[in-house]
Amino acid sequence: MCIDLHLHSHYSDGTLSPTALVEMAVEADICGIALTDHDTVEGIEEFLQAAAETGITAIPGIEISSSFRGYSLHMLGYGIDHRDSELQVSLERLQHGREKRNREIIARLQGIGLDIQIEELDVLSGFGQTGRPHIARLLTLKGIVTSMDDAFRLYLRKEAPAWAGRFIYTAEESIAMIHRAGGLAVLAHPGQITPRPYSMSLFIRELVRLGLDGVEVFYPGYSPKVRKGLKDIAARHKLVITGGSDYHGNNKPYATMAGKKNRFCPPRSLFDLLLKKIDAFQNRNL
């Protein structure tokens, strides 16, 4: 059976509710799932409740925006206590940074003559964390661009006219935040990072020294060569291996949830090992 440990709901930049994600996972005959919204745990309670009602195994997760040696990366946290007050306070700083950047991007789009208002963005987002994907979607719906990809290419990517940076934690800070909340820290989609002049092996080795617990080896589009290389690195550093689709719903229609029918199937054995590692870590810190 398959697992999918990288899912996004409408509480960040996905388009489906946590309940709908659980229902889709059940339909796809997936046996283990994790909700990993960007910089928020707002949807976890609903996610876990929905999973409990279906019998599918679900764990709380998060994906934290981070930086390391000038690179932008994402740190997945698995098995966290989503009610932890210290975690909530730390996430608020990231969330305020998103809000500030949204206002700056809208102002820059207006500055180049585009008819777009922050109120329109608020209506489109509805709730949860609003970010660049929501702005891209709004630009598409208004007919300013023909696709979300075009929105990023023309306006929202780094060095584009409306680009604006935001506050993010360092990788070391993100790993420590996850650990304090009782979770394991896993590097998301490492194959998308190009840490030159460092090799991926050296890059991950440095993160291990900061407390990294695992790497996401199973990810859509990875070649067998990339996957084997990441497996070898994980084995060398005794890291946990995870896998997930990075499913965002209609915001990334080319990405589908895991499942045998979709030809992307991280194995259940990974989930069993992850659960054991989480249990051992939490018991060690009692």
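Please read all numbers here as calculations on a predicted model, not as lab measurements.
A donor-acceptor pair under 3.5 Å links the side-chain atoms of Asp4 to the main chain of Ser245, judged by distance alone. The backbone N or O of Leu7 sits less than 3.5 Å from a side-chain atom of Thr36, completing a donor-acceptor pair. With hydrogens and angles ignored, the 3.5 Å screen pairs a side-chain donor or acceptor of Asn262 with a backbone N or O of Met257.
Donor-acceptor pairing under 3.5 Å is lacking for the side chains of Ser90 and Arg180. No hydrogens or angles considered: a donor-acceptor pair under 3.5 Å links the side chains of Asp39 and Ser65. A donor and an acceptor atom, one from each side chain of Glu63 and His6, are located under 3.5 Å apart.
Side-chain contact between Leu21 and Ile33 is absent, with no heavy atoms from C-beta onward closer than 4.5 Å. Looking at Glu216 and Leu5, their side chains never come closer than 4.5 Å, going by heavy atoms from C-beta outward.
Taking the six-membered ring for Trp and the full ring otherwise, His8 and His10 have centroids separated by 6.0 Å or more. Two rings, from Phe264 and Tyr219, have their centers 6.0 Å or more apart.
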Would Glu45 and Arg83 satisfy salt bridge (Lys or Arg N to Asp or Glu O under 4.0 Å), going step by step from the backbone distance to the final call? CA-CA 9 Å; Glu45 206 67 51; Arg83 302 184 186 93; 3.0 Å; yes
With side-chain hydrogen bond (donor to acceptor under 3.5 Å, both in side chains) as the criterion, how do Glu53 and Gln49 come out once you've worked through the C-alpha distance, each side chain's angles and the decisive distance to 0.1 Å? CA-CA 6 Å; Glu53 293 173 358; Gln49 180 61 38; 2.9 Å; yes
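Remark: Cys265 SG to Cys2 SG, distance under 2.5 Å.
Judged by a 6.0 Å distance limit and a 45° cone about the ring axis, Arg93 is positioned over the six-membered ring of Phe167.
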